[in-house]
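Here the structure is laid out as structure tokens; the discussion comes afterwards.
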Amino acid sequence: AFAPTRSGENWLIPLMKPADADAQPTSTPATKRASSGATKRTATAKPVAPMLAKAGKAFDIDDEDDWAFEMKWDGYRCVAVCDGGQVSLFSRTGKDMTGTYPEIADALAERDLTDTVLDGEVVAIGPDGVPSFSRLQQGQRPLQYMAFDVLRHDGDALKNETYEERREVLEALDLDDRKVIRVPKAFEGSLDDAVESSRNLKLEGVVAKRRDSRYRRGARSSHWHMIK
């Protein structure tokens, strides 16, 4: 069964900081980064509109046991369409970002995922191991892809599966390489504790997701709440 993890600074910083972060370049513009050549853009890939959260307040969470709490990463939303060595990355608005973040496309290609669509966020990691939006805007490295949902795998559509069922599939894919691809676990504990951890790490807030929610592409749903 899907098992969230109690988290705070001591858990999140080691989770996000790549093992070789200090050895990676930190100021090369993203648009000038070259791919290794191993990844080919999926010629037939089409943009997938991600599900969006509504702005919410603590009182929107009626029974905390019915909700999972995830950190809101300070980055760019990114849907990854993967089929073996063919990978395409799309922004929330459908812009092709594959050439902008080749290291992420290459890392996903190495996972050799068959007909799979992932939802996540591209973040730039600062020296303290915490995402920095300003570093991302400046094209600085290292980058990580925070994968937090799976819409399709091995040709099977998962959008009508529950959040917990999709998370089980996502975690079973064993994508986390502790360098470029991360699969951060949900926060176990109260909403207040989750929000406090987010503030301590200077993140954007918390996304509360109903455990029984289905994935509604392109919809801003009350089953997901962004809480600061």
Side-chain angles (χ1 to χ4, degrees), residues 1-8 12 15 46-81 89-95 97 116-123 131 133 136 145-153 156-173 175 182-228:
F2 166 67
T5 296
R6 182 173 296 280
S7 55
L12 280 172
L15 169 70
K46 296 181 180 179
V48 176
M51 183 171 172
L52 304 175
K54 286 189 174 181
K57 300 291 184 181
F59 58 72
D60 292 312
I61 309 304
D62 43 7
D63 185 342
E64 291 192 358
D65 289 340
D66 294 335
W67 297 78
F69 306 126
E70 298 181 1
M71 294 294 143
K72 176 65 177 76
W73 309 108
D74 201 0
Y76 291 142
R77 191 71 173 274
C78 178
V79 174
V81 180
L89 306 177
F90 295 104
S91 72
R92 188 182 74 176
T93 58
K95 178 182 178 181
M97 303 191 298
T116 297
V117 179
L118 303 170
D119 189 4
E121 199 159 350
V122 176
V123 300
F133 190 67
L136 185 63
Y145 181 60
M146 300 295 203
F148 52 69
D149 215 325
V150 55
L151 289 62
R152 186 177 183 87
H153 176 58
D156 295 328
L158 302 174
K159 64 180 182 178
N160 288 325
E161 303 298 322
T162 67
Y163 166 84
E164 289 194 325
E165 290 167 338
R166 297 195 310 275
R167 285 291 311 198
E168 287 181 6
V169 173
L170 178 63
E171 293 185 8
L173 294 178
L175 298 177
R182 308 311 309 265
V183 183
K185 294 183 181 295
F187 188 102
E188 184 185 72
S190 71
L191 174 60
D192 286 345
D193 287 343
V195 171
E196 182 180 1
S197 290
S198 174
R199 289 172 179 167
N200 289 341
L201 288 166
K202 300 180 181 179
L203 297 178
E204 286 191 276
V206 171
V207 181
K209 300 180 179 181
R210 283 197 61 91
R211 296 181 182 276
D212 61 357
S213 63
R214 272 61 178 176
Y215 195 98
R216 296 295 176 250
R217 297 192 303 181
R220 191 174 294 278
S221 171
S222 59
H223 287 173
W224 288 10
H225 283 295
M226 166 73 171
I227 299 173
K228 297 184 178 180

When rounded to the nearest 0.5 angstrom, what distance separates [atom1] in [X] from [atom2] in [Y]?
X: R92; Y: C78; atom1: CZ; atom2: SG; answer: 13.0 Å
X: D74; Y: L136; atom1: CG; atom2: CG; answer: 8.5 Å
X: K209; Y: M51; atom1: NZ; atom2: CE; answer: 8.0 Å
X: D66; Y: S213; atom1: CG; atom2: OG; answer: 11.0 Å

Looking only at side-chain N and O atoms, does [Y] offer a donor or acceptor that is under 3.5 Å from a partner on [X]?
X: D119; Y: Y215; value: yes
X: E168; Y: Y163; value: no
X: N200; Y: S197; value: no

Minimal heavy-atom distance between A147 and L170, with the atoms involved, is O-CD2, 3.7 Å
Identified side-chain contact (heavy atoms from CB on, under 4.5 Å) partner of F148 from the options E121, K185, R166: E121
Does any N or O in the side chain of R211 come within less than 3.5 Å of the main-chain N or O of D65, such that one atom is a donor and the other an acceptor?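 Pair found, side chain donor or acceptor close to backbone of D65.
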Any ion pair linking E204 and R199 (charged N to carboxylate O, less than 4.0 Å)? no
Measure the acute angle between the ring planes of W67 and H225, then classify it against the limits of 30° and 60° as parallel, tilted or perpendicular.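 The rings of W67 and H225 sit tilted, inter-plane angle from 30° to 60°.
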H223: what forms a side-chain hydrogen bond (donor to acceptor under 3.5 Å, both in side chains) with it, not counting sequence neighbours?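 By the side-chain hydrogen bond (donor to acceptor under 3.5 Å, both in side chains) rule, H223 matches no residue at all.
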